[in-house]
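Proteins get letters first, then strands, A, B, ... in listed order; numbering begins at 1 in each.
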Number of protein chains: 2
Amino acid sequence: MKIPARAKRSAAGKVTLNEVAEKVGVSAITISRALRTPEKVSATLRQRIEEVVEELGYRPNQAARALASARSNTVVVLVPSLANEVFVDTLAGIYDVLHPQGYQVLIGNTRYSSEEEAKLLRAYLAHNPDGILMTGFEHTAEVEAQLAGSGCPVVHMMELDPQRPCVGFSQLDCGRAMTEYLLAQGYRRIGFIAAQLDARTLKRREGYRQVLQEQGCYRAEQEISVADASSVGLGARLAQQLLQQAPQLDALFCCNDDLAQGALFFCQRQGIAVPEQLAIAGFNDLAASAWTVPSITSIATPRYEIGKQSAQLLLQLLVGQGEAQRVRDLGFELVVREST
Amino acid sequence: MKIPARAKRSAAGKVTLNEVAEKVGVSAITISRALRTPEKVSATLRQRIEEVVEELGYRPNQAARALASARSNTVVVLVPSLANEVFVDTLAGIYDVLHPQGYQVLIGNTRYSSEEEAKLLRAYLAHNPDGILMTGFEHTAEVEAQLAGSGCPVVHMMELDPQRPCVGFSQLDCGRAMTEYLLAQGYRRIGFIAAQLDARTLKRREGYRQVLQEQGCYRAEQEISVADASSVGLGARLAQQLLQQAPQLDALFCCNDDLAQGALFFCQRQGIAVPEQLAIAGFNDLAASAWTVPSITSIATPRYEIGKQSAQLLLQLLVGQGEAQRVRDLGFELVVREST
DNA sequence: TTGTAAGCGTTATCAC
DNA sequence: GTGATAACGCTTACAA
């Protein structure tokens with residue numbers, strides 16, 4: 001006589017589909033259906049099942065589900081930092097789209113490191129994600145190979161490339177736009193400070209350089225770039241350093257708002273009037289920039305929307321909607337405030 | 001004649017253990033062993049296996065692994081916000097401990113909502129996490145029940161409770177300490193502004209009230225609490241509002257540094273001298289507070305260390321180290337700066 | 001509408 | 001040190 005081994009409860013007291021099925025008096029697959037496609041189960045049975053599920057406190061086992069269906073309902077998102085408002089906002093947009101659709105979001109924080117990125121991707125790929133959201137386009141060959149071999153759609157965020165699915169804006173144009181605006185305001189000796197030096201920062205710097213070179217105002221000593229993490233404190237230090245090596249500056253374009261805030265605080269401390277003696281402009285329009293005194297001119301970037309649309313684009317690629325617009329330029333907005 | 005179905009490759013071109021086994025000419029379990037417990041496999045075989053694994057690009061399937069072993073190597077972390085430096089730092093500490101140990105970290109952002117917390121926990125529990133890290137102790141009955149029923153260890157972060165595993169500090173004492181410090185500086189009409197109103201904020205407020213009441217200086221109109229999300233802008237607005245209803249204030253204790261920064265910016269704009277006319281103190285010692293002009297007195301909280309030690313404590317509970325110190329008070333530090 | 005059978009890729013258990 | 005076998009809990013494909 002064979003005893004049905006399945007009737008026993010597993011270790012952690014977890015309730016299984018079979019236990020629910022047994023109690024209801026139907027087969028496991030029917031319970032499975034009632035949970036995933038309720039419309040395919042008769043109303044009475046469905047109600048009975050719901051009761052028992054509730055009563056037993058049944059929770060589907062994701063691992064089993066993923067293994068059986070070869071779908072994990074998981075999307076991997078790799079961002080370079082969580083300490084940066086920009087990516088936190090982007091993540092919020094991603095969540096707001098993917099969670100309602102039943103997707104888990106696996107966040108990977110690469111800390112601006114290619115190695116870390118490769119390591120994280122390797123680890124996360126073991127979870128067979130349904131899709132991947134990457135920040136930018138600059139990745140190691142290994143990462144590119146992993147992405148290609150993953151067999152799942154990838155959407156790149158923050159930048160634009162006609163060849164690949166992406167949602168972002170032109171970082172180069174941002175750098176150009178702010179520099180052109182400063183020139184239009186009459187500033188001529190426009191300095192630049194940059195940190196992090198990720199691909200996007202470099203593109204903004206390129207925009208700055210292009211415009212100044214076109215106007216014949218570019219001077220290498222009016223610019224400082226360091227690889228350190230961007231921060232308010234660093235902004236203060238870089239402003240000090242740059243003003244020492246180029247005291248004649250009349251404006252300062254900072255590659256990120258936290259640098260701009262730091263530069264502003266440095267000026268306050270030194271008694272340098274902003275914008276009268278030195279105009280200050282930032283980038284990203286972080287929340288605090290609207291409240292400093294003076295408030296800081298910046299470029300507002302649509303990061304929440306980038307998160308949202310990246311996720312939406314990914315969903316479309318997932319269901320194979322070939323018509324989906326695969327490259328989405330969300331633009332940016334120059335926000336003029338008191339500091340310029 | 002039976003054809004071994006296993007020899008075929010699965011959909012996404014994923015390499016399986018069996019394929020590696022076939023190529024090496026051993027059984028699957030041996031490959032599995034070579035990967036997880038190399039010392040239990042002969043050196044020569046192990047080397048051969050490593051080669052083939054590399055050659056085929058084999059990656060273990062986490063879902064199968066979790067299903068077979070009933071261990072997911074996953075830890076769930078629930079934090080109320082990612083927009084708050086505090087929790088980002090905490091997460092960094094958690095990662096730094098858990099990643100090297102091979103654990104995945106599933107981040108849940110509850111957005112300060114009990115409902116959201118319950119929903120996230122429900123979803124994440126389906127992944128059979130090995131452990132859970134929660135923020136604070138105030139959870140709905142449903143969440144408590146889920147935690148209890150999860151069968152896995154739970155560590156609470158940020159606060160202290162002798163009854164449960166936790167790593168944090170006394171929020172009440174923080175509120176007391178700052179208020180006592182302000183009194184010691186000679187301030188008597190000490191206002192308080194609070195946002196968010198989560199359990200920890202309320203405890204700090206309680207500390208503020210206790211001390212002022214003990215000194216007979218407590219005045220209800222010197223305090224404003226709103227449930228809105230904490231932000232620099234809100235700090236400016238609340239400072240304005242409070243100064244209107246209590247113009248005689250000589251000091252202002254803000255329940256969070258972003259509020260304090262906002263209050264400071266408001267004063268700058270209004271020409272209120274800080275600290276001469278109004279002293280300002282914050283909480284959490286966010287990075288920017290050291291750089292504003294004047295710099296802001298605050299309380300530095302050991303959030304990175306809390307993340308680290310919470311993760312470490314969880315690991316100890318996981319291996320059943322009964323001797324682990326289950327309640328860890330990491331304290332806090334008053335950081336005196338120019339604003340007081 | 002419901003059920004049967006087979007298998008997803010791995011690991012636990014117990015032999016050899 | 002290595003292997004055969006049976007799970008793990010669920011879903012797919014096909015039947016009834």
> In whole Å, what is the span from the CZ atom of R65(B) to the C1' atom of dA12(C)?
Replying inline: 14 Å
Acceptor/donor pairs from residues 128-141 of chain A side chains to any protein atom, 3.5 angstrom cut, sequence neighbours excluded:
| residue | atom | partner | partner atom | Å |
| --- | --- | --- | --- | --- |
| N128(A) | OD1 | K14(B) | NZ | 3.4 |
| D130(A) | OD1 | S72(A) | N | 3.3 |
| D130(A) | OD2 | R71(A) | NH2 | 3.4 |
| D130(A) | OD2 | N73(A) | N | 2.8 |
| T135(A) | OG1 | L78(A) | O | 2.7 |
| H139(A) | ND1 | E117(A) | OE1 | 2.9 |
| H139(A) | ND1 | E117(A) | OE2 | 3.2 |
| H139(A) | NE2 | G136(A) | O | 3.0 |
| T140(A) | OG1 | V143(A) | N | 3.2 |

> Quick one: are R48(B) and V26(B) in side-chain contact, heavy atoms under 4.5 Å?
Replying inline: no
> Within this structure, what is the CG-to-C1' distance between L67(B) and dA6(D), rounded to whole angstrom?
Replying inline: 13 Å
Show me, pair by pair, the donor-acceptor contacts under 3.5 angstrom made by side chains of residues 27-42 of chain A, not counting sequence neighbours?
| residue | atom | partner | partner atom | Å |
| --- | --- | --- | --- | --- |
| S27(A) | OG | T30(A) | OG1 | 3.4 |
| S32(A) | OG | R36(A) | NE | 3.2 |
| S32(A) | OG | R36(A) | NH2 | 3.0 |
| R36(A) | NE | S32(A) | O | 3.4 |
| T37(A) | OG1 | R33(A) | O | 3.4 |

Tell me which donor-acceptor pairs under 3.5 Å the side chains of residues 55-68 of chain A have, and how far apart each pair is, sequence neighbours excluded?
| residue | atom | partner | partner atom | Å |
| --- | --- | --- | --- | --- |
| E55(A) | OE2 | K23(A) | NZ | 2.9 |
| N61(A) | OD1 | A63(A) | N | 2.8 |
| N61(A) | OD1 | A64(A) | N | 3.1 |

> Rounding to a whole Å, what distance do you find between L35(A):CG and dC10(D):P?
Replying inline: 9 Å
> Counting side-chain heavy atoms from CB outward, which of dT11(C), dG9(C), dT11(D) is closest to S32(B)?
Replying inline: dT11(C)
> Please give, in whole Å, the distance from dT2(C) C1' to R36(A) CZ?
Replying inline: 14 Å
> How long is the line joining CD of E22(B) and P of dT10(C), in whole Å?
Replying inline: 13 Å
> Who passes side-chain hydrogen bond (donor to acceptor under 3.5 Å, both in side chains) against E142(B), sequence neighbours left out?
Replying inline: R122(B)
What are the atom names and distances for every N/O pair under 3.5 Å that joins the protein to nucleotides 1-3 of chain D?
| residue | atom | partner | partner atom | Å |
| --- | --- | --- | --- | --- |
| dT2(D) | OP1 | S42(B) | OG | 3.0 |
| dT2(D) | OP2 | S42(B) | N | 2.8 |
| dG3(D) | OP2 | S27(B) | N | 3.2 |
| dG3(D) | OP2 | S27(B) | OG | 3.3 |
| dG3(D) | OP2 | T30(B) | OG1 | 2.5 |
| dG3(D) | N7 | R33(B) | NH1 | 3.3 |
| dG3(D) | N7 | R33(B) | NH2 | 3.4 |
| dG3(D) | O6 | R33(B) | NH2 | 2.4 |

> Can you tell me how far P of dT10(C) sits from CD1 of I31(B), to the nearest Å?
Replying inline: 11 Å
> In residues 118-127 of chain A, which ones come under 4.0 Å of DNA chain C, going by heavy atoms?
Replying inline: none
> Quick one: CD1 on I107(A) to CG on L106(B), what's the gap to the nearest 0.5 Å?
Replying inline: 9.5 Å
> How would you list all residue pairs meeting ring pair (Phe, Tyr, Trp, His ring centres under 6.0 Å) that involve residues 77-98 of chain B, not counting sequence neighbours?
Replying inline: Y95(B)-H99(B)
>> Rounded to whole Å, how long is the line connecting atom CZ of R59(B) with atom P of dT10(C)?
In response: 12 Å
>> Using the side-chain hydrogen bond (donor to acceptor under 3.5 Å, both in side chains) criterion, which residues pair with Q47(B)? Sequence neighbours excluded.
In response: none
> dT5(D) P sits how many Å from N18(B) CG, rounded?
Replying inline: 14 Å
>> Going by ring pair (Phe, Tyr, Trp, His ring centres under 6.0 Å), name the pairs with one or both residues in residues 103-127 of chain A, residues two or more places apart or in two chains.
In response: none
> Counting side-chain heavy atoms from CB outward, which of dT11(C), dG9(D), dG9(C) is closest to T16(A)?
Replying inline: dG9(D)
